[in-house]
Amino acid sequence: MFKHLLVPTDGSPISERAIKSSVQLAKEIGAKVTGFHVIPEFHVFTYQIEMLEDTRERFAEDAKAHASRFLAVIEGAASEAGVSCDTAYATSDHPYEAIIEIAKEKGCDLIAMASHGRKGVEGLLVGSETQKVLTHSLIPVLVFH
Amino acid sequence: MFKKILVPTDGSPLSDKAIYAAIEFARANASEIVALSVAEPYVYSMWLEGSGAIALDSKAYDESMQELAQRHVQKVATLAGDSNVACKTRVALSFSPYEEIVQTAKDFNCDVIFMASHGRKGLNKLFVGSETQKVLAHTTIPVLVFRGGMEDRPPTT
(Lines give C-alpha, C1' and ligand atoms only; values in the text may rest on other atoms or scores of the structure.)
Protein backbone atom coordinates (compact mmCIF):
# COMPACT_ATOMS: atom_id res chain seq x y z
CA MET A 1 0.00 0.00 0.00
CA PHE A 2 2.77 2.49 0.82
CA LYS A 3 4.91 2.61 -2.30
CA HIS A 4 6.93 5.78 -1.91
CA LEU A 5 8.19 7.18 1.40
CA LEU A 6 9.35 10.75 1.80
CA VAL A 7 12.09 10.85 4.42
CA PRO A 8 12.92 14.42 5.50
CA THR A 9 16.11 14.90 7.51
CA ASP A 10 17.68 17.82 9.33
CA GLY A 11 20.85 15.84 9.98
CA SER A 12 20.20 15.45 13.71
CA PRO A 13 20.91 12.10 15.42
CA ILE A 14 17.18 11.47 15.92
CA SER A 15 16.60 12.10 12.21
CA GLU A 16 19.30 9.56 11.43
CA ARG A 17 17.56 6.98 13.59
CA ALA A 18 14.29 7.72 11.78
CA ILE A 19 16.14 7.28 8.46
CA LYS A 20 17.30 3.80 9.46
CA SER A 21 13.80 2.77 10.50
CA SER A 22 12.23 4.27 7.38
CA VAL A 23 14.64 2.49 5.06
CA GLN A 24 14.07 -0.77 6.93
CA LEU A 25 10.31 -0.31 6.55
CA ALA A 26 10.66 0.53 2.85
CA LYS A 27 12.70 -2.63 2.36
CA GLU A 28 10.11 -4.82 4.05
CA ILE A 29 7.11 -3.42 2.22
CA GLY A 30 8.87 -3.01 -1.13
CA ALA A 31 8.66 0.77 -1.29
CA LYS A 32 11.11 3.36 -2.58
CA VAL A 33 12.33 6.37 -0.62
CA THR A 34 13.00 10.01 -1.37
CA GLY A 35 15.39 11.72 1.03
CA PHE A 36 14.76 15.41 1.55
CA HIS A 37 16.49 18.27 3.30
CA VAL A 38 15.38 21.86 3.76
CA ILE A 39 17.99 24.62 3.77
CA PRO A 40 16.98 27.78 5.64
CA GLU A 41 16.84 31.03 3.65
CA PHE A 42 19.76 33.38 4.06
CA HIS A 43 18.96 36.42 6.18
CA VAL A 44 21.18 39.40 6.83
CA PHE A 45 19.67 39.86 10.28
CA THR A 46 19.72 36.57 12.09
CA TYR A 47 20.46 34.81 15.32
CA GLN A 48 22.18 31.96 13.50
CA ILE A 49 25.90 32.47 13.83
CA GLU A 50 26.81 30.89 10.49
CA MET A 51 24.64 33.43 8.72
CA LEU A 52 26.06 36.41 10.62
CA GLU A 53 29.60 35.60 9.65
CA ASP A 54 28.92 34.45 6.14
CA THR A 55 28.19 36.16 2.92
CA ARG A 56 25.16 34.94 1.05
CA GLU A 57 27.33 32.95 -1.38
CA ARG A 58 29.39 31.35 1.32
CA PHE A 59 26.29 30.40 3.29
CA ALA A 60 24.70 28.85 0.20
CA GLU A 61 27.80 26.76 -0.38
CA ASP A 62 27.95 25.56 3.22
CA ALA A 63 24.25 24.80 3.27
CA LYS A 64 24.53 22.76 0.09
CA ALA A 65 27.45 20.86 1.55
CA HIS A 66 25.34 20.11 4.65
CA ALA A 67 22.43 19.03 2.50
CA SER A 68 24.49 16.60 0.48
CA ARG A 69 26.08 15.19 3.63
CA PHE A 70 22.69 14.64 5.30
CA LEU A 71 21.19 13.17 2.13
CA ALA A 72 24.19 10.89 1.69
CA VAL A 73 23.17 9.21 4.97
CA ILE A 74 19.85 8.26 3.39
CA GLU A 75 21.46 7.18 0.13
CA GLY A 76 23.93 5.04 2.05
CA ALA A 77 21.27 3.38 4.18
CA ALA A 78 19.09 2.76 1.11
CA SER A 79 21.82 1.26 -1.03
CA GLU A 80 22.89 -0.97 1.85
CA ALA A 81 19.31 -2.22 2.17
CA GLY A 82 18.81 -2.47 -1.59
CA VAL A 83 16.05 0.13 -1.54
CA SER A 84 15.56 2.43 -4.50
CA CYS A 85 16.36 5.99 -3.43
CA ASP A 86 16.15 9.50 -4.77
CA THR A 87 17.09 12.74 -2.99
CA ALA A 88 16.08 16.37 -3.18
CA TYR A 89 16.56 19.58 -1.25
CA ALA A 90 14.84 22.91 -1.15
CA THR A 91 15.44 26.32 0.38
CA SER A 92 12.70 27.56 2.65
CA ASP A 93 12.10 29.20 5.99
CA HIS A 94 9.19 26.88 6.56
CA PRO A 95 10.44 23.31 6.34
CA TYR A 96 6.96 21.84 6.87
CA GLU A 97 5.62 23.62 3.75
CA ALA A 98 8.57 22.43 1.68
CA ILE A 99 8.08 18.88 3.01
CA ILE A 100 4.39 18.78 2.10
CA GLU A 101 5.09 20.38 -1.27
CA ILE A 102 7.79 17.89 -2.28
CA ALA A 103 5.69 14.96 -1.06
CA LYS A 104 2.92 16.05 -3.43
CA GLU A 105 5.34 16.78 -6.26
CA LYS A 106 7.07 13.40 -6.02
CA GLY A 107 3.84 11.49 -5.46
CA CYS A 108 4.84 10.14 -2.06
CA ASP A 109 2.13 8.27 -0.15
CA LEU A 110 3.77 8.41 3.28
CA ILE A 111 5.95 10.92 5.09
CA ALA A 112 8.24 9.25 7.63
CA MET A 113 9.99 11.51 10.12
CA ALA A 114 11.31 11.85 13.65
CA SER A 115 9.10 13.22 16.41
CA HIS A 116 11.44 16.17 16.76
CA GLY A 117 14.57 17.39 15.06
CA ARG A 118 17.53 19.63 15.53
CA LYS A 119 15.59 22.29 17.39
CA GLY A 120 14.71 19.80 20.11
CA VAL A 121 11.44 19.60 21.93
CA GLU A 122 10.48 23.09 20.98
CA GLY A 123 6.79 22.50 20.85
CA LEU A 124 5.43 21.41 24.18
CA LEU A 125 4.84 17.84 23.10
CA VAL A 126 6.36 17.03 19.75
CA GLY A 127 8.91 19.08 17.83
CA SER A 128 7.33 21.93 16.01
CA GLU A 129 8.20 21.02 12.44
CA THR A 130 6.78 17.49 12.76
CA GLN A 131 3.76 18.99 14.46
CA LYS A 132 3.16 21.35 11.54
CA VAL A 133 3.56 18.56 9.01
CA LEU A 134 1.05 16.48 11.00
CA THR A 135 -1.37 19.37 11.05
CA HIS A 136 -1.16 20.31 7.41
CA SER A 137 -0.37 17.12 5.51
CA LEU A 138 -3.15 15.19 3.84
CA ILE A 139 -0.67 12.37 3.27
CA PRO A 140 -0.30 10.01 6.25
CA VAL A 141 2.67 10.76 8.51
CA LEU A 142 4.69 8.11 10.30
CA VAL A 143 6.31 9.52 13.44
CA PHE A 144 9.38 7.74 14.83
CA HIS A 145 10.58 8.31 18.38
CA MET B 1 9.03 -4.54 11.31
CA PHE B 2 5.37 -3.64 11.90
CA LYS B 3 4.12 -7.06 12.88
CA LYS B 4 1.49 -6.02 15.40
CA ILE B 5 -0.51 -2.90 14.73
CA LEU B 6 -2.52 -1.17 17.44
CA VAL B 7 -5.61 0.56 16.07
CA PRO B 8 -7.47 2.73 18.56
CA THR B 9 -10.98 3.64 17.43
CA ASP B 10 -13.66 5.87 18.88
CA GLY B 11 -16.15 4.68 16.29
CA SER B 12 -16.17 8.01 14.48
CA PRO B 13 -15.84 8.06 10.68
CA LEU B 14 -12.47 9.74 11.22
CA SER B 15 -11.11 6.49 12.65
CA ASP B 16 -12.11 4.58 9.53
CA LYS B 17 -9.15 5.63 7.43
CA ALA B 18 -6.69 4.31 10.01
CA ILE B 19 -8.70 1.08 10.34
CA TYR B 20 -8.79 0.43 6.58
CA ALA B 21 -5.10 1.27 6.22
CA ALA B 22 -4.15 -1.01 9.12
CA ILE B 23 -6.08 -3.91 7.62
CA GLU B 24 -4.62 -3.34 4.17
CA PHE B 25 -1.11 -3.06 5.60
CA ALA B 26 -1.59 -6.15 7.78
CA ARG B 27 -2.91 -8.19 4.87
CA ALA B 28 0.02 -7.22 2.63
CA ASN B 29 2.67 -7.79 5.29
CA ALA B 30 1.25 -10.68 7.32
CA SER B 31 0.83 -8.52 10.43
CA GLU B 32 -1.71 -8.78 13.24
CA ILE B 33 -4.08 -6.10 14.48
CA VAL B 34 -5.05 -5.15 18.01
CA ALA B 35 -8.21 -3.02 18.07
CA LEU B 36 -8.85 -0.86 21.11
CA SER B 37 -11.78 1.31 22.06
CA VAL B 38 -11.83 3.33 25.24
CA ALA B 39 -15.18 4.04 26.87
CA GLU B 40 -15.23 7.22 28.91
CA PRO B 41 -16.98 6.79 32.25
CA TYR B 42 -19.87 8.82 33.59
CA VAL B 43 -18.82 12.29 34.67
CA TYR B 44 -20.27 13.31 38.01
CA SER B 45 -21.46 16.85 38.05
CA MET B 46 -21.86 18.77 41.29
CA TRP B 47 -24.71 20.69 39.70
CA LEU B 48 -26.73 17.66 38.84
CA GLU B 49 -25.85 15.61 41.88
CA GLY B 50 -28.62 15.90 44.44
CA SER B 51 -30.70 18.22 42.33
CA GLY B 52 -32.90 15.32 41.39
CA ALA B 53 -33.18 16.84 37.95
CA ILE B 54 -31.41 13.99 36.23
CA ALA B 55 -31.45 10.57 37.73
CA LEU B 56 -28.85 9.07 35.47
CA ASP B 57 -27.59 5.77 36.72
CA SER B 58 -23.81 6.01 36.37
CA LYS B 59 -23.36 2.27 36.33
CA ALA B 60 -25.84 1.81 33.52
CA TYR B 61 -24.15 4.66 31.68
CA ASP B 62 -20.70 3.08 31.99
CA GLU B 63 -22.08 -0.24 30.83
CA SER B 64 -23.74 1.22 27.77
CA MET B 65 -20.56 3.10 26.90
CA GLN B 66 -18.59 -0.13 27.16
CA GLU B 67 -21.11 -1.89 24.97
CA LEU B 68 -20.67 0.85 22.41
CA ALA B 69 -16.88 0.50 22.63
CA GLN B 70 -17.30 -3.24 22.17
CA ARG B 71 -19.25 -2.57 18.97
CA HIS B 72 -16.45 -0.30 17.71
CA VAL B 73 -13.75 -2.93 18.17
CA GLN B 74 -16.05 -5.63 16.82
CA LYS B 75 -16.39 -3.66 13.61
CA VAL B 76 -12.59 -3.72 13.22
CA ALA B 77 -12.47 -7.44 14.03
CA THR B 78 -15.13 -8.18 11.41
CA LEU B 79 -13.37 -6.15 8.72
CA ALA B 80 -10.07 -7.82 9.63
CA GLY B 81 -11.69 -11.24 9.49
CA ASP B 82 -13.06 -10.47 6.02
CA SER B 83 -9.47 -9.83 4.91
CA ASN B 84 -8.07 -12.86 6.75
CA VAL B 85 -6.13 -10.68 9.15
CA ALA B 86 -5.71 -11.85 12.76
CA CYS B 87 -7.28 -9.36 15.15
CA LYS B 88 -7.47 -9.12 18.92
CA THR B 89 -9.74 -6.64 20.65
CA ARG B 90 -9.73 -4.77 23.93
CA VAL B 91 -12.23 -2.46 25.54
CA ALA B 92 -11.18 -0.19 28.38
CA LEU B 93 -13.02 2.21 30.67
CA SER B 94 -10.98 5.31 31.35
CA PHE B 95 -11.02 9.07 31.52
CA SER B 96 -7.76 9.30 29.63
CA PRO B 97 -7.85 7.30 26.39
CA TYR B 98 -4.22 8.07 25.58
CA GLU B 99 -2.99 6.23 28.69
CA GLU B 100 -5.01 3.17 27.68
CA ILE B 101 -3.62 3.40 24.15
CA VAL B 102 -0.01 3.60 25.35
CA GLN B 103 -0.57 0.84 27.91
CA THR B 104 -2.36 -1.49 25.46
CA ALA B 105 0.49 -1.07 22.99
CA LYS B 106 2.85 -2.29 25.73
CA ASP B 107 0.60 -5.10 26.95
CA PHE B 108 0.19 -6.55 23.46
CA ASN B 109 3.77 -5.80 22.35
CA CYS B 110 2.55 -3.75 19.44
CA ASP B 111 5.29 -2.23 17.31
CA VAL B 112 3.27 0.56 15.69
CA ILE B 113 0.08 2.53 16.29
CA PHE B 114 -2.16 3.53 13.36
CA MET B 115 -4.53 6.32 14.35
CA ALA B 116 -6.53 9.28 13.09
CA SER B 117 -5.23 12.78 13.61
CA HIS B 118 -8.54 13.72 15.18
CA GLY B 119 -11.27 11.81 16.89
CA ARG B 120 -14.85 12.29 17.89
CA LYS B 121 -14.05 15.37 19.94
CA GLY B 122 -13.76 17.45 16.87
CA LEU B 123 -11.69 18.45 13.96
CA ASN B 124 -9.75 21.61 14.35
CA LYS B 125 -7.66 22.39 11.33
CA LEU B 126 -5.07 24.21 13.38
CA PHE B 127 -4.16 21.47 15.77
CA VAL B 128 -3.63 17.77 15.88
CA GLY B 129 -6.28 16.19 18.07
CA SER B 130 -5.46 16.22 21.73
CA GLU B 131 -5.59 12.47 22.27
CA THR B 132 -3.33 11.81 19.26
CA GLN B 133 -1.05 14.53 20.56
CA LYS B 134 -0.77 12.86 23.96
CA VAL B 135 -0.15 9.45 22.42
CA LEU B 136 2.67 10.95 20.34
CA ALA B 137 4.17 12.49 23.45
CA HIS B 138 3.97 9.40 25.63
CA THR B 139 4.59 6.37 23.47
CA THR B 140 8.00 5.16 22.39
CA ILE B 141 6.83 3.18 19.35
CA PRO B 142 6.19 4.70 15.92
CA VAL B 143 2.79 6.28 15.29
CA LEU B 144 1.24 6.49 11.84
CA VAL B 145 -1.15 9.42 11.78
CA PHE B 146 -3.97 9.65 9.22
CA ARG B 147 -5.93 12.72 8.39
CA GLY B 148 -9.52 11.65 8.59
CA GLY B 149 -12.32 12.78 6.40
CA MET B 150 -11.70 12.66 2.69
CA GLU B 151 -11.79 9.59 0.47
CA ASP B 152 -12.60 7.09 3.21
CA ARG B 153 -13.20 3.75 1.64
CA PRO B 154 -13.35 0.13 2.62
CA PRO B 155 -10.28 -1.98 1.82
CA THR B 156 -10.33 -3.54 -1.62
CA THR B 157 -10.44 -7.28 -1.33
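Below, read A as the first sequence line, B as the second, and so on, with proteins coming before strands; counting in each chain starts at 1.
- Using a 4.5 Å cut-off between heavy atoms, A/L110 touches chain B through its side chain atoms alone.
- In this structure a side-chain-to-backbone donor-acceptor pair under 3.5 Å is present from A/S21 to A/R17.
- Contacts between A/S137 and chain B at a heavy-atom distance below 4.5 Å involve the backbone alone (N, CA, C, O).
- Proximity to chain A is absent for every atom of B/I113, based on heavy atoms less than 4.5 angstrom apart.
- By the side-chain contact (heavy atoms from CB on, under 4.5 Å) test, A/A114 is found to be paired with A/I14, A/A18, residues two or more places apart in sequence or in another chain being considered.
- The parts of B/A21 that come within reach of chain A are both its backbone and its side chain, each placing non-hydrogen atoms under 4.5 angstrom from that chain.
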Point to revise | Test side chain to side chain donor-acceptor pair (under 3.5 Å) applied to B/S117 and B/R147, step by step | key: CA-CA 5 Å; B/S117 59; B/R147 271 285 281 268; 4.6 Å; no
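- In this view, B/K88 and B/E32 satisfy the salt bridge (Lys or Arg N to Asp or Glu O under 4.0 Å) rule, not counting sequence neighbours.
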